[in-house]
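Below you will find the structure I want to go over with you.
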Amino acid sequence: MLSKLKILLILVALSVGWPQIILRFESLITPELQLFGLAAYAALLGICLVGIFSAAFIPVAPVRWGFALFISLSGIMVETYQSSVEDHMPYDAFISMIDASGSLHEAWGQYASAMMIGGVQAVLLFLGIGLSIHHVTKKHSKKLIAAPLLILFALAGILFIRGGDGARGLPTAYTGAAYAMLYGYERSTEVIAPREPVKLPVVRPLNGDGDIVMLVDESISGQYLDINSSRGVYSGLMAPKSGVTPHNFGLAVSIAHCSAAVNMTLRHGGTRDDYVRINGSMPSIWAYAQKAGFETIYIDVPRTKRIFNNMMDDSELKNIDQWIEFDDVPIQRRDHAAADALAGFLNDGKRQFIYLQKIGAHFPIHDKYPDEYMRFKPALPRGQFLNISDTGDRTGFSGSRESWITYRNSYRNTLIWNVGAFFDRLLGQADLAGSTIIYTSDHGQNLHERGGTGVVTHCSPDPKPEEGLVPLVVLDTPQTAGQPGAIDWDAAIAKGRNRSSHFQIFPTVLEMMGYDAKAVQAIYGSDLLTANTAPFAFNYQFNARLGRAPSWKAIKLDEIAYPPDSDFRPVPVGQRGQAIAARPASPAVPATGTK
Ligand SMILES: [Zn+2]
């Protein structure tokens, strides 16, 4: 009777997590059947169940209760997370949640119901495993003790080899226990440490009111812009009218080829060999900016309603003075609203560090530009994606050879609007005197210029070199250049054109804030003034921790696929409407929809 009660309690506890099991099975069956993956997952799930039920029949009471306590407590966090976000909890999220455990009372206010689910599951599992057994026989004692522990070590081993990946759809108790073991290992080897405060001294405090802007675009391939190719589209950066000097680093290489990885590292710094530790343990760019006396402004264009973007979390937010979003601005106009907001900050006479995450040209791009910017045809069909800023879903795009031609034309039109007209609008109203803007994109795009079918543009497991090819331009005025400690960008370009890397931006910004160059570079590697001697390559295995190493994709510039001219019909000059001309700039006012 008691055995049946125990089994029932365990089954009820496990059934709490059934949605993730269903999702995992579904993902292995559709859109295509993955037989190997399906077999591996079924085996792993079965083994975890064997482990839990073996533990429930361990005859030695203290061992049984001890295991029950460990595994049920470990599961609370995973179940709470998965119930609240309705998705699998990756290992990274587990670490973030431990880091945020100091603000448990705030989390309770927000996620009380999910935490209750996790708690109830833990109690059921604790009792199900722990309660005494009717017939105590020592016959299989050793096996019953060994099985759950060996299975736990085996699971932790699998996750270790896979860099923390692979627990999707497994019982949360086992996932949590394995994550806890990996976390313990990383803490003991100091890969993860509590985030440090800023320790570097500000050696060169600047008294001017110049702002520093990191302007990070989304999915902009460097070779599509006129600054880098005679066939490129209008970028607004060739010769701005406003007296701003663009310093063009040419084609640069990104940190990685996925948005979150790149933005996380642009905000926290990192070197090729040491980015996991630096990303997770060193101060953010905001903390450095605040210590150097800047007000910190984060403008996030793609997201609305206070949803975090690109691995930002509550603890990072503590060093951000203003978080700007555009809830009420249509997606097509949001980059332009951000241009207005940025111009407002540049013109307000306060010394600010601004990180602007643009919406750029992420899929879907069918409707990212207004009708009058339909400069290149044939383009993707219009009207279905007006309200989607970015998605991994490729519904509405077949990936055929023909559809890539229309994609590239829509992409060109989007660039003219969200890069060219964006800069016209920004530089038409912003007074840059004393301020510096560093412009780049998170990653490039594979728009199938080489032919072939498929729907993925970036973040692919076997990337094309163009996925890491980004623009890199610094904008300032001669006035800025004249300030003490100002950077000689022309000298920097002479060394760094067509060979610089995203990794060099963070140390450069710290030096601009007034931190000592030598001390900065000892931690964060070389700046943009130093010729990049590292390979011209981006990391396509960014989640490289535990037993997984980064994988670098080298870019050879003479093998880059430039966009083919055969994509489009020339549109006669008289029929372009107001294609290239920017709208007249309105005076800088705080953007509507700003919170
Ligand atoms: Zn991106």
Side-chain angles (χ1 to χ4, degrees), residues 90 92 214-225 235 251-268 270 275 279 285 298-304 307-312 316 325-326 331-332 334-335 338 355-369 385 388-394 397 399 407-408 410-412 414-415 417-419 422 438-448 454-473 501-503 505-506 537-543 550 553 555:
D92 283 341
M214 284 177 75
L215 182 51
V216 183
D217 221 324
E218 170 63 75
S219 297
I220 306 298
S221 267
Q223 81 277 26
Y224 271 77
L225 299 178
S235 67
L251 295 168
V253 66
S254 61
I255 288 162
H257 65 332
C258 305
S259 315
V262 173
N263 277 282
M264 181 72 184
T265 309
L266 287 175
R267 300 197 312 263
H268 294 87
Y275 67 88
N279 268 196
I285 193 95
Y298 173 46
I299 305 178
D300 184 20
V301 188
R303 296 286 168 274
T304 54
I307 292 173
F308 284 129
N309 197 3
N310 292 327
M311 296 164 84
M312 186 166 285
E316 189 175 337
E325 289 177 333
F326 304 97
I331 283 167
Q332 206 179 74
R334 259 198 232 152
D335 265 356
Y355 191 106
L356 198 169
Q357 162 77 70
K358 281 176 85 263
I359 216 163
H362 195 286
F363 185 90
I365 54 169
H366 308 55
D367 299 311
K368 281 236 156 70
Y369 57 93
F385 298 97
I388 303 174
S389 72
D390 55 294
T391 174
D393 184 3
R394 293 295 187 268
F397 180 66
Y407 195 104
R408 289 193 291 270
S410 285
Y411 187 74
R412 291 170 166 106
T414 303
L415 296 187
W417 173 242
N418 269 352
V419 180
F422 168 87
I438 300 180
Y439 171 69
T440 190
S441 171
D442 55 352
H443 48 74
Q445 297 276 277
N446 166 22
L447 300 184
H448 295 250
V455 296
V456 178
T457 56
H458 62 281
C459 218
S460 50
D462 182 19
K464 291 279 183 282
E466 293 81 10
E467 291 180 45
L469 203 60
V470 292
L472 178 57
V473 181
S501 146
H502 268 171
F503 281 108
I505 295 175
F506 189 90
F538 62 94
N539 184 358
Y540 64 99
Q541 186 74 272
F542 184 80
N543 185 23
K553 177 75 183 178
I555 303 179

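Position 1 is the first residue of the sequence, and the numbers go up from there. In what follows, every heavy atom counts, from backbone to side chain, and hydrogens, waters and symmetry copies are set aside. If you're wondering where the values come from, they're calculated on a predicted model, not measured in any experiment. Ligands are counted one by one from 1 in listed order, and the atoms in each one are counted from 1 as well.
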Query raised in the report: Taking the side chain from N310 and the backbone from M264, do they hold a donor-acceptor pair closer than 3.5 Å?
Result: no

**Report entry** Heavy-atom donor-acceptor pair, H502 side chain to S441 backbone, under 3.5 Å
**Finding:** yes

Query raised in the report: Between R408 (side chain) and H448 (backbone), is there a donor-acceptor pair under 3.5 Å?
Result: yes

Query raised in the report: Just wondering, do Y355 and N263 contact through their side chains at under 4.5 Å, heavy atoms?
Result: yes

Requested in this report: Write the atom name of the N, O or S atom in E218 that is nearest the Zn ion (ligand 1).
Outcome: OE2

Query - N, O or S atom of S259 closer to the Zn ion (ligand 1) than 2.8 Å - result: yes

Query raised in the report: In D442, what N, O or S atom is nearest to the Zn ion (ligand 1), if we give its atom name?
Result: OD2

Query raised in the report: Within H443, is some N, O or S atom less than 2.8 Å away from the Zn ion (ligand 1)?
Result: yes

